[in-house]
Amino acid sequence: MKNPNPADPTDPTDPTDSTDPTDPAAGPEAADPADVSRLEIPYRFERSHSLAGIIAAFDSLESGVTTETTVSVAGRLMLRRDQGRIAFATLQDVTGRVQLFATALATPDFEQFTALSIGDWVGVQGVVMTTRRGELSVRVDGWVILAQAQRQFPDKWHGLTDPDIRYRQRYLDLWVTEQARSVFMRRSAILSCVRRHLDAQGFVEVETPMLHPIPGGAAARPFVTRHEALSTDFYLRIAPELYLKRLVVGGMERVYEIGRVFRNEGISTRHNPEFTMLELYQAYADHSDIMELTENLVAEVASEVCGSTTVTYGDREIDFTVPWRRLTIEQAIAECSSLQVSLDSPTAELRACCESLGIAVNTSWGSGKMLLEIYEKTAEPNLWGPVFVTDYPAEVSPLSREHRSRAGYTERFEAIVAGRELCNAFSELVDPAEQRSRFEAQAALRVGGDDEAMVVDEDYLRALEYGLPPTGGLGIGIDRLVMLLSDTHAIRDALLFPTLRPDPTL
RNA sequence: GCGCCUCUAGCUCAAUUCGGCAGAGCAACGGACUCUUAAUCCGCAGGUUCUGGGUUCGAGUCCCAGGGGGCGUACCA
C-alpha cells in the first residue's frame with residue numbers, strides 16, 4: 001500500500017491541514033472543523049479485504065479481542081451510532097457489512113469522522129477487533145472520504161418500496177435492497193457457470209451482428225433503425241439464429257452466443273423489449289442430443305449456483321434433477337384438459353375446440369396453428385415441469401426439421417418450467433428447398449397482415465445450399481432462467497435496468 | 001392497446017364513514033453521551049399533497065383531463 005495511513009499528519013496532501021479552525025488566516029470560510037465537504041478526495045485507494053473477506057477471515061474471534069492485523073476496507077457508511085468519545089458505524093460493500101469502531105484517541109480527525117453522512121463512501125485502515133459485545137469490527141486508525149453522498153439516502157430500515165424509484169435509481173436500490181443485490185450477483189454467477197460448462201464441452205462463444213438487414217430467426221416485430229452512411233434501414237436483431245447457423249455452415253461445429261435480442265412488443269412481468277438469449281448450435285446432433293444437453297446444463301447450473309438441483313420458486317419447488325419428463329404436444333393437451341386432438345383431427349373439430357376455449361380462430365390458420373393454440377391455452381400454463389414438450393407442428397416451426405417418423409410435425413421441443421417456456425430447440429432444418437418453401441409460407445402470412453411472420457432470407461438460403469450438416473440448436477431465455485434460480489417473479493427484478501418510459505420530469 | 005388500482009417531506013407511512021388548521025418515524029441540521037447494533041436522549045427545521053382545470057364557504061380527500069407507476073389482459077420469450 002503506497003500510503004498506509006491515509007490521514008498521516010506528515011502527508012503534505014493531508015486535507016486536515018487546510019481546515020484548522022483556529023487559524024485566523026484561514027478566514028471565515030474555514031469555520032467548521034467537521035465540514036467533510038472540505039476534505040480532498042484521493043485518486044485511488046488500496047484495499048486489502050472485501051467486507052465478506054474480513055468476516056470469513058476473522059469469523060471465530062472472541063469478544064473483546066484486538067488483533068494485530070491491520071486491514072484496509074472501503075464502502076459506503078450505511079449506519080452511524082455516535083457515542084460521544086467513541087462512535088460505531090456500519091460499512092457496506094457489495095459483499096456485506098462490517099462495523100467500524102472509531103474512538104477520539106485512535107481515530108484521526110474523529111470529529112470529522114462522526115460528521116460523515118449516511119451514504120458517504122469511505123476508505124478505512126485499522127486493526128481488526130471485536131467489541132465487548134463480540135461484534136467483529138475494524139478500528140478506524142486512519143480513514144479517507146472517497147465520495148460524498150450529496151443526496152440523502154433512503155430510510156435505513158425501510159429502504160425503498162416504490163418500484164418506480166427502485167428501477168429508475170437502481171444505483172440506490174442496490175445499496176438498500178439486499179434481495180436486489182443477491183439476485184444480480186446470482187445472475188452473474190449463472191452466466192459465468194453457463195459459459196464454463198459450454199466451453200468445457202468444446203463450444204466456442206461468438207458474436208454475431210445485432211444490426212440485421214432482414215429480421216429473422218423468430219416471429220416477432222422488430223425495432224427499426226437507420227444507418228446514415230449506407231442510407232439503409234437496419235433491424236435490431238430478434239434472434240441470432242440464422243447467423244449462428246451460417247457459422248456451422250462455415251465449419252464452426254459448436255457455437256454459442258449469449259446476447260441481447262430486441263422485440264418491439266409489450267412489456268409485462270415476463271417480457272422486456274430487450275432481453276438476453278443464449279443460443280447454441282451443435283453439428284451432427286439432433287433434438288434428443290439437445291434435450292440431454294439442456295437438462296444437464298440447467299441442472300448443473302442450478303446445482304452450482306443454488307447448491308441443489310431442487311430450488312424453491314414461490315410456494316412450490318422445482319426439481320431440475322435429470323432426466324426431465326418428455327411429453328408430446330398431444331399428450332400435454334390430453335393430460336391437462338382430457339381433449340384428444342392432433343394434426344389428424346378434422347379441421348372442423350380443431351376449430352370447434354378452439355372456439356369452445358375462447359380462442360379467436362383466424363382464417364389463415366391451419367391445423368398446426370390451431371393445435372398450438374389449444375396447447376398454449378390448455379396445457380402450457382398448467383405444466384409445472386420441468387418437462388420437455390415435443391413434436392411441434394411444422395406449420396408453426398419454420399426453421400425446424402421435419403419429424404423423422406411423424407408427418408406434419410417437426411423435431412422441435414420446448415422446456416416448460418413453472419408454466420412458462422424456458423427454451424425452444426430443434427433438429428435444424430437443413431434442406432434449402434424445404435427452407436425456401438417454409439419461408440414462402442411465412443411470407444404469405446406476412447402479406448395476409450401478420451407482421452410477425454418471417455421474411456425470405458436469400459443469403460441464408462444460399463448458405464444452406466453450400467451444405468448445413470445435421471445440426472441441433474437451442475435457445476434459452478437467460479432472464480427467465482435467472483428468475484427461476486433466484487425466485488423472482490417479474491423479469492424487471494432480474495434485469496438491472498428494465499425498460500421504462502423515460503421520466504418526463506427529467 | 002384496453003380495464004382496474006395508485007401517487008402526501010429525501011425515504012417509509014398517517015391525516016376519523018360521507019370534504020373542515022397536512023402529521024409521525026427515519027434521514028438531515030444543532031446539542032448530550034467511552035461498547036452501540038434500526039443506539040438512546042434533548043432541540044430545530046423540513047410540503048407546488050404528481051400536473052392542470054372544475055365543484056364548494058372550504059379539496060390531500062369529490063369530478064374532468066393529462067403524467068408516472070402497479071396489477072390484470074392482448075401480442076410475445
Side-chain angles (χ1 to χ4, degrees), chain A residues 32 34-35 63-64 77-90 97-107 110 114-120 129-137 139 149-169 172-173 175-177 217-222 238-239 261-279 358-360 376 380 414-417 419-424 450-452 475-481 483 489-492 494 498 500-506:
Chain A
D32 186 357
D35 184 359
S63 299
L77 211 65
M78 294 305 278
L79 294 170
R80 219 188 49 230
R81 298 176 287 280
D82 291 349
Q83 195 81 54
R85 304 283 290 163
I86 64 170
F88 303 90
T90 299
R97 291 180 157 198
V98 160
Q99 177 167 268
L100 300 177
F101 179 75
T103 72
L105 289 177
T107 302
F110 178 76
T114 60
L116 288 170
S117 292
I118 284 180
D120 284 346
M129 53 165 283
T130 50
T131 61
R132 286 175 206 162
R133 298 259 177 110
E135 178 84 13
L136 181 62
S137 308
R139 192 177 69 199
Q150 295 181 18
R151 291 173 182 262
Q152 290 185 35
F153 257 54
D155 188 287
K156 64 187 177 187
W157 185 246
H158 298 97
L160 289 173
T161 59
D162 183 343
D164 195 27
I165 302 180
R166 289 192 52 219
Y167 304 137
R168 286 188 199 277
Q169 295 176 244
L172 264 189
D173 187 44
W175 284 102
V176 302
T177 310
R221 189 182 319 138
I238 56 176
V261 299
F262 307 86
R263 298 189 183 176
N264 203 342
E265 279 156 1
I267 295 175
S268 78
T269 52
R270 288 147 225 124
H271 300 93
N272 197 68
E274 51 179 307
F275 63 101
T276 300
M277 180 98 103
L278 160 67
E279 283 203 14
I359 299 164
E376 286 180 351
E380 189 177 278
E414 293 191 350
I416 306 300
V417 185
R420 316 238 169 267
E421 177 187 339
L422 174 64
C423 80
N424 183 22
D450 182 352
D451 58 1
E452 291 175 357
I476 292 186
I478 290 291
D479 313 281
R480 292 206 176 157
L481 181 62
M483 289 166 69
H489 298 256
I491 195 170
R492 54 176 175 264
L500 299 171
R501 209 180 287 276
D503 186 339
T505 67
L506 294 179

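Protein chains get the first letters and strands the later ones, always in sequence-line order, with residue 1 at the start of each. Small disclaimer: the values here were computed from a predicted structure and weren't measured.
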Nucleotide [N], atom [atom2] - distance to [atom1] of [X] in whole Å:
X	N	atom1	atom2	value
A:R80	B:C35	CZ	P	17 Å
A:L100	B:C35	CG	P	18 Å
A:D82	B:C35	CG	P	13 Å
A:I267	B:U73	CD1	P	17 Å

Practice item. Could you check whether A:N272 gets within reach of a base, just the sugar-phosphate, or nothing at all, counting any heavy atom under 4.0 Å? Key: base

Check your understanding: Contact class for A:R492 vs. all strands (heavy atom < 4.0 Å): base, sugar-phosphate, or nothing?
Key -> sugar-phosphate

Point to revise | Proximity to the side chain of A:F101 - top-ranked nucleotide from B:G69, B:C35, B:U37 | key: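 Closest nucleotide to the A:F101 side chain: B:C35.
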
Exercise for review: Would you mind telling me which of B:C71, B:A39, B:G70 lies closest to the side-chain atoms of A:T269?
Suggested key: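 Selected nucleotide (nearest to the side chain): B:C71.
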
Counting just side-chain N and O atoms, does [X] come under 4.0 Å of either OP1 or OP2 of [N]?
X	N	result
A:R85	B:U34	no
A:R501	B:G68	yes
A:R168	B:G69	yes

Exercise for review: Would you write the dot-bracket representation of RNA chain B, where each base gets (, ), [, ], | or . depending on whether it forms a Watson-Crick or G-U pair under 3.5 Å and with which partner?
Suggested key: (((((((..((((......[..))))..((((.......))))......(((((..]....))))))))))))....

Practice item. Treat primed atoms plus P, OP1 and OP2 as sugar-phosphate and everything else as base, then score nucleotides 7-12 of chain B 5' to 3': B for base contact with protein heavy atoms under 4.0 Å, S for sugar-phosphate contact only, - for none. Key: ---BBS

